[in-house]
Every structure is written in structure tokens, then in C-alpha cells.
Number of protein chains: 2
Amino acid sequence: MTDRRGDLFSVECPTRHLLDRIGDKWTSMTVKLLAERYPDSARFSELQRAMPGVSHKMLSQTLQRLTADGLVTRRVEDSVPPAVHYALTALGRSLDEPLAILREWAETHMSEIERHRASAGR
Amino acid sequence: MTDRRGDLFSVECPTRHLLDRIGDKWTSMTVKLLAERYPDSARFSELQRAMPGVSHKMLSQTLQRLTADGLVTRRVEDSVPPAVHYALTALGRSLDEPLAILREWAETHMSEIERHRASAGR
DNA sequence: CAGCATCCTATGGGATACTG
DNA sequence: CAGTATCCCATAGGATGCTG
């Protein structure tokens with residue numbers, strides 16, 4: 001009951017909300033690329049090429065979400081085939097800091113987790 | 001092509017793997033509780049009471065995963081109604097550090113994101 | 001080039017009920 | 001008390017095709 005959309009909005013925890021935003025398949029990679037590799041700005045197709053496996057639709061959706069959340073700006077260059085430039089906002093850049101720390105932890109420890117999983121059977 | 005299970009295993013990025021592990025609905029909260037509120041250990045039902053909205057099944061599943069990943073230990077006390085104690089491993093505690101930083105960011109900035117979303121019209 | 005709409009499948013996760 | 005199994009729905013996300 002309560003709501004049926006099976007959530008309750010995490011009751012309180014802001015971290016849950018954050019993970020709902022960045023825990024999806026492509027968001028963290030997008031933020032990382034915009035922070036590290038394209039600190040100025042990147043075009044849609046640049047990002048797409050930099051993210052092997054992303055579908056057109058998902059990149060589009062990810063960027064829209066980031067833009068709506070105020071983490072990314074979208075600038076349309078009025079050329080003949082239109083060029084769209086995406087860049088992190090200040091808020092987006094500030095988010096990259098904790099994410100970078102998480103990345104570092106992941107790079108250091110994920111292999112250990114994988115080993116555990118393997119020996120724990122599945 | 002390639003694989004059909006639509007993944008490619010994120011190609012390289014350890015952060016994707018990590019977010020696949022901790023980005024789900026209950027994992028980060030569980031780690032937080034075991035780190036901050038139950039630094040010694042917690043019983044299943046304690047955790048359940050501390051996590052409003054979690055279903056029996058999901059908590060069970062979450063703990064199994066954490067245990068398999070080597071982030072949590074599971075100790076069965078051989079009493080008449082069996083008591084099971086969960087605690088973070090050293091690896092689990094080390095993961096809580098970057099998570100704590102993420103939590104702090106979330107507490108500081110999530111309201112800003114919510115505002116953006118609201119004014120961006122969902 | 002960038003974006004939208006449609007379709008379809010796989011998965012996450014809740015409810016419920018049964019077991020030691 | 002803790003765990004497992006079943007059922008069922010909502011969502012994520014991939015593929016494809018059309019538009020300016």
C-alpha cells in the first residue's frame with residue numbers, strides 16, 4: 001500500500017537520492033569524462049565515441065538528466081549540422097571530487113572484491 | 001552482437017563495477033549502518049528495524065551480496081532461535097570512507113539538485 | 001549531428017508464504 | 001529469528017527508425 005510505486009522515496013537518506021541519480025549505467029562515466037578529459041566542453045558525438053557501448057538513446061537521456069539536475073550545461077552552436085556542447089557546471093565539478101575518490105577506491109580494491117566473489121561461489 | 005547480455009562488462013571501468021555493487025537500493029545504507037551505528041556487529045533484525053521500508057528478502061539479499069564480496073562477515077550464534085551477527089570487514093570499513101565523503105556531498109548538495117530538477121520541469 | 005518515439009527484454013525489488 | 005522460494009510489476013536500458 002502506501003504508494004505502490006514501491007519506494008517511499010528512501011524515507012530520508014540523501015545518499016539514496018544521489019545514488020539514484022549517479023548509480024545508473026552511464027552517468028558516472030559521463031561526469032568523469034567531462035571533468036577529466038573534456039574540462040572545457042564536449043560534443044555529443046565526442047562523448048559517444050569516448051563511451052564504448054553507450055547507445056544514442058542512453059547518452060541522450062543521461063545528458064538530459066544531468067542538465068535537468070544542474071550538473072551539466074547544454075549549449076547549441078547554430079551551425080549547419082548543429083553542434084551541441086556539454087560541460088560540467090560548478091555543481092557538477094564539485095560532484096566529481098567525491099566521485100574521483102570513489103574511483104580511486106574502486107581502482108584499488110575492486111579486484112579484491114572480484115576475488116572474494118569468485119571464491120565465494122558466484 | 002558481441003554478447004547480447006547487453007553489457008560488455010563496462011569495458012574497463014572499475015567504478016562501473018563498484019556502482020553496480022553499491023548503487024542498488026539498500027547496500028549503501030547497510031554499509032553506513034554497520035560502519036557508524038553498529039561498528040561492532042548487528043543482528044539481522046536490528047538492521048531491519050534500522051532500515052525502514054526494507055523487505056526481509058531484500059535485506060537478506062543485500063547481506064548475502066556484501067558477504068560474498070568480502071565486505072561483511074556473517075557469524076551464526078548457535079542459540080535456540082539462532083542469532084546471526086553481521087559486521088564490516090576491513091575492506092568494508094575502507095569502503096565506508098569514500099562513501100562517507102559521498103554522503104557528505106549528498107547532504108550538502110542534493111537540495112540544490114532537487115531545486116534544479118523542479119525548475120527544469122522534471 | 002543531435003534528438004525523439006517506439007518496441008521489447010532483462011532485471012530490481014516488493015509481497016507473501018513456507019522452513020529450520 | 002533468519003532464510004528461501006514464488007509471484008508479479010515497474011523500471012532500465014538496448015535496437016531501430018524518423019525528424020530537422
Side-chain angles (χ1 to χ4, degrees), chain A residues 1-11 16-17 19-30 41-68 72-87 121-122, chain B residues 1-11 16 19-30 41-68 72-87 122:
Chain A
M1 32 199 79
T2 53
D3 195 281
R4 228 67 246 284
R5 291 191 317 262
D7 193 292
L8 316 171
F9 263 36
S10 320
V11 184
R16 276 277 62 254
H17 286 298
L19 287 172
D20 278 348
R21 296 268 177 256
I22 66 167
D24 70 290
K25 194 163 180 181
W26 300 109
T27 297
S28 66
M29 186 180 288
T30 305
S41 83
R43 299 187 53 177
F44 187 94
S45 47
E46 275 180 318
L47 287 171
Q48 191 172 25
R49 263 175 279 116
M51 298 163 71
V54 75
S55 68
H56 200 134
K57 172 191 157 189
M58 285 316 295
L59 181 54
S60 188
Q61 198 170 292
T62 301
L63 287 167
Q64 276 179 36
R65 224 181 169 183
L66 285 168
T67 304
V72 158
T73 57
R74 180 180 187 276
R75 181 173 64 80
V76 180
E77 186 181 319
D78 203 7
S79 45
V80 181
V84 185
H85 302 267
Y86 293 95
R122 162 125 287 285
Chain B
M1 36 198 78
T2 54
D3 193 280
R4 229 67 246 285
R5 292 192 317 264
D7 195 290
L8 319 169
F9 263 38
S10 320
V11 183
R16 275 277 62 255
L19 286 172
D20 279 348
R21 296 266 177 258
I22 66 168
D24 70 289
K25 193 163 178 180
W26 300 109
T27 298
S28 66
M29 187 179 288
T30 305
S41 83
R43 298 187 52 177
F44 188 94
S45 46
E46 275 179 318
L47 287 171
Q48 191 172 25
R49 264 175 280 115
M51 297 161 72
V54 75
S55 68
H56 201 133
K57 171 193 158 188
M58 284 316 296
L59 181 54
S60 188
Q61 199 170 290
T62 302
L63 288 167
Q64 277 180 36
R65 224 179 169 185
L66 285 168
T67 305
V72 158
T73 57
R74 180 180 187 275
R75 181 172 65 79
V76 179
E77 187 181 320
D78 204 7
S79 46
V80 181
V84 185
H85 302 267
Y86 293 94
R122 164 137 279 294

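What you see is a predicted model; the values in this text were computed from it and never measured. A, B, ... follow the sequence lines: proteins, then strands. Residue 1 opens every chain.
Put simply, CE on B:M51 is 11 Å from P on C:dG13, counting in whole angstrom units. Rounding to whole angstrom units, CZ of residue A:R21 and P of D:dT11 are separated by 14 Å. Between A:K25 atom NZ and D:dA15 atom C1' the separation is 13 Å, expressed in whole Å. Rounded to an integer number of Å, the gap from CZ of B:R75 to P of D:dC1 is 17 Å. Separating the CD atom of A:Q61 from the C1' atom of D:dT16 is a distance of 16 Å, rounded to the nearest angstrom. Between A:M58 atom CE and C:dC7 atom P the separation is 19 Å, expressed in whole Å. Look at CD on A:Q48: it is 12 Å from P on D:dA15, rounded to the nearest Å. Rounded to whole Å, atom P of C:dA15 lies 14 Å from atom CG of B:L59.
With contacts defined as side-chain heavy-atom distances shorter than 4.5 Å, the pair B:E77/B:H85 qualifies. Side-chain contact between A:W26 and A:M51 is present, with at least one heavy-atom pair separated by less than 4.5 Å.
Rounded to the nearest 0.5 Å, atoms CD (B:Q64) and CG (B:L59) are 10.0 Å apart.
Contact between A:I22 and A:T27 at its shortest, heavy atoms only, is CA-CG2, 3.9 Å. A pairwise comparison of heavy atoms in B:Q48 and B:S55 identifies NE2-C, 4.2 Å as the closest pair.
Using a distance-only test at 3.5 Å, with no hydrogens or angles considered, no donor-acceptor pair links the side chain of B:R74 to the main chain of B:A87. With hydrogens and angles ignored, the 3.5 Å screen pairs no side-chain donor or acceptor of B:S60 with any backbone N or O of B:H56. Of the possible donor and acceptor atoms, one in the side chain of B:E46 sits under 3.5 Å from a partner among the backbone N and O of B:R43.
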Revision key, fill the gap. Symbol by symbol from the 5' end, with Watson-Crick or G-U pairs under 3.5 Å, [ ] crossing and | another strand, DNA chain D is ||||||||||||||||||||
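Shown here are the salt bridge (charged side-chain N to carboxylate O under 4.0 Å, His left out) partners of B:R65, two or more places apart in sequence or in another chain: there are none.
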Dump every N/O contact between nucleotides 2-4 of chain C and the protein below 3.5 Å, one line per pair.
from: C:dA2; atom 1: OP1; to: A:R43; atom 2: NE; distance (Å): 3.1
from: C:dA2; atom 1: OP1; to: A:R43; atom 2: NH2; distance (Å): 3.3
from: C:dA2; atom 1: OP1; to: A:F44; atom 2: N; distance (Å): 3.4
from: C:dA2; atom 1: OP2; to: A:S45; atom 2: N; distance (Å): 2.7
from: C:dA2; atom 1: OP2; to: A:S45; atom 2: OG; distance (Å): 2.5
from: C:dG3; atom 1: OP1; to: A:R74; atom 2: NE; distance (Å): 2.8
from: C:dG3; atom 1: OP1; to: A:R74; atom 2: NH2; distance (Å): 2.4
from: C:dG3; atom 1: OP1; to: A:Y86; atom 2: OH; distance (Å): 2.8
from: C:dG3; atom 1: OP2; to: A:Y86; atom 2: OH; distance (Å): 3.0
from: C:dG3; atom 1: N7; to: A:H56; atom 2: NE2; distance (Å): 2.8
from: C:dC4; atom 1: OP2; to: A:Q64; atom 2: NE2; distance (Å): 2.3

